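Step one of this worksheet: look at the structure below.
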Amino acid sequence: MKYTQPTLPYAPDALAPAISEETVNFHYGKHEKTYIDNLNKLIEGTEFEDEELEDIIRNSSGVLFNNASQAWNHIFYFFSFSPDGGGEPDGELGHAIKEQFGSFDKFKEAFVDAGAKIFGSGWVWLSKDEKGQLFITQESNAGNPMTKGLTPILTFDVWEHAYYLDYQNRRADALNQLWSIVDWAVVESRY
Ligand code: MN
């Protein structure tokens, strides 16, 4: 058991109503735990056993990539939120967002639009390249932009398990509600 699930820095009911207690318990407590359990089983006794999780994501494929990347993506996602979140980033990231997307509102609109339009399961990402240029990208299934040399800054999960208990088929509504809980101090530290 190399990898263990980190305890969330908030209570399971603390993100409601944006994300309900029931969804946190199923999504983080069960879905995410399963990815970590699978990852541990898959790497046991292999060349990947002593690698960092990010290196496994960059260097694996198939079922190992899927479980490693989903394990990482969910921790990254859930640790981007806080019951005291919301508002706007005001440091260098906020400046870069305004410069590249025109305004914070236009960025939010483009990000949610990209997430809403992913066909099937996946993740919408804000990432940066080595020059600090920002990118909004769509990834299917377990995809992660670090496999393309980008550094992830923010992601919203668009798998149905992320929102169906609370929003049913209204994916864009679900994504828009997440802005009220984004912890911009954490997200900004990734820029
Ligand atoms: Mn998920």
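In this text, all values refer to a predicted model and were calculated from it rather than measured experimentally. Counting convention: from 1, in listed order, for ligands and their atoms alike.
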Problem set entry | Note, Phe107 side chain near Pro89 side chain (heavy atom, < 4.5 Å) |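 Not touching, per the 4.5 Å side-chain cut-off.
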
Exercise. Would one find an N, O or S atom of Asp157, in either backbone or side chain, under 2.8 Å from the Mn ion (ligand 1)?
Worked result: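 For Asp157, the answer is yes, given that an N, O or S atom comes within less than 2.8 Å of the Mn ion (ligand 1).
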
Exercise. Is it true that some N/O/S atom of His161, main chain or side chain, lies under 2.8 Å from the Mn ion (ligand 1)?
Worked result: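 Of the N, O and S atoms in His161, at least one lies under 2.8 Å from the Mn ion (ligand 1), which means yes.
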
Exercise. Do Asn66 and Asn141 get their side chains close enough for a donor-acceptor pair, meaning under 3.5 Å?
Worked result: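 Judged by distance alone, the side chains do not pair up.
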
Problem set entry | Matching residue for Phe156 among Trp123, Phe111, Tyr77 - test: ring-ring contact (aromatic ring centres under 6.0 Å, His included) |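 Going through Trp123, Phe111, Tyr77 one by one, the ring-ring contact (aromatic ring centres under 6.0 Å, His included) with Phe156 is satisfied by Phe111 alone.
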
Problem set entry | Angle subtended at the Mn ion (ligand 1) by NE2 of His74 and NE2 of His27, nearest 10° |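 Once rounded, the angle between the two atoms at the Mn ion (ligand 1) is 90°.
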
Exercise. How about Trp184 and Tyr191: are their ring centroids closer than 6.0 Å?
Worked result: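 No; Tyr191 has its ring centre 6.0 Å or more from that of Trp184.
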
